[in-house]
Amino acid sequence: LRLCSKAPHSATREANLAALAASRQRLLQADGEDLGQEDELADELRAFCARHALWPHGTETLVLRHFRVGGRGLAAAADLSAGDTVLAVPESLLLSSERLSSYDGLAAALSAAAGDSLHDDVRLSLALLLEIARDQAGAWAEYCRFLPERPPSALHWASRQLQRLAHTPLVGRVTAAREALREAHAALFPALSLALPQLFPPASFSWRRFLWAYTVVQTRGLVVGGGAEPRARRTVLAPVADLLNYSPTSPLAWPSLEAA
Amino acid sequence: TLALTFRLLSAVPAGRQLCLYY
């Protein structure tokens, strides 16, 4: 709202402000509850959760729905009580940048291509693409159908869309972030594909795929762990859990979950 | 181990969307 208020007066600005105000109003109204529509992939997600034991005690707790604001998300499958555990993601399905160390020769190849300066989010993006490319029948390749083709990140905006926010700090930040990501990709590829052709087939690690994976991390990564030790914190991708309010436009009037 | 469990902070009626609380 603050960024939008600072934009120059225009029809777009007024429309954006009205949409944001309406969204805020819905959060404040008790009768503004959006129960969403059935999602076409609801059965597939149910099967995924059952197959990978994501529901505690085998009881169905969540259902995939399509919400008017925020799109695809998770709803309670039945009345749930405070304290109920609704989702448990096993360690084998969690993806963090540490997964990269399980590939022989990758640490050396990464270091040769990009030094030790790679951001953890870039490393996690690589881990995601590797996981999908490595095992076509694996859980992450299977889970891809629930991930958006175009995650809601400003990095995907066309310059025409960015220009609507001209005169805000956002334009410079988005441009710089895209440029830094392009440089990271250019440092890694084709170097990694030449060094480890079996692991990095070029088609699976194009700029387009790389940007997609990075924006998945950006919009769906969860920062977990660490406790009192910030250096022990890490970003993980957790299937199904990432559907809990992934969208920046989702209503937040129901703050009901914590990660433990 | 790094398994993640998600627990409700408040009751949620059937059909209502769930959100992570940061």
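What's counted below: heavy atoms across the whole structure, side chains too, no hydrogens, waters or symmetry copies. A, B, ... follow the sequence lines: proteins, then strands. Residue 1 opens every chain.
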Atom group of A:Leu93 that falls short of 4.5 Å from chain B, counting heavy atoms = neither
Does CZ in A:Arg134 sit with more than 12 non-hydrogen atoms of other residues, nucleotides or ligands closer than 6.0 Å?
->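 Atom CZ in A:Arg134 is packed in, count exceeds 12.
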Other residues, nucleotides, ligands: >12 heavy atoms within 6.0 Å of A:Glu60 CD |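 Atom CD in A:Glu60 is crowded, with more than 12 foreign heavy atoms closer than 6.0 Å.
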Keeping the roles fixed (side chain from A:Asp79, backbone from B:Pro13), state whether a donor-acceptor pair exists under 3.5 Å.
-> no
When rounded to the nearest 0.5 angstrom, what distance separates [atom1] in [X] from [atom2] in [Y]?
X        : Y       : atom1 : atom2 : answer
B:Gln17  : A:Leu35 : CD    : CG    : 10.0 Å
A:Leu54  : B:Phe6  : CG    : CZ    : 10.0 Å
A:Leu222 : B:Leu4  : CG    : CG    : 6.5 Å
A:Thr61  : B:Leu18 : OG1   : CG    : 8.5 Å

Name the member of [options] that forms the most heavy-atom pairs with chain B at distances under 4.5 Å.
options                    : result
A:Gly36, A:Ala82, A:Ala77  : A:Ala82
A:Leu62, A:Val63, A:Leu87  : A:Leu87
A:Ala88, A:Ala238, A:Ala75 : A:Ala75

Any idea which heavy atoms bring A:Ser81 and B:Leu8 closest together, and the distance?
-> O-CD1, 3.3 Å
Indicate the atoms forming the closest heavy-atom contact of B:Arg7 with A:Gly83, along with that distance.
-> CG-O, 3.1 Å
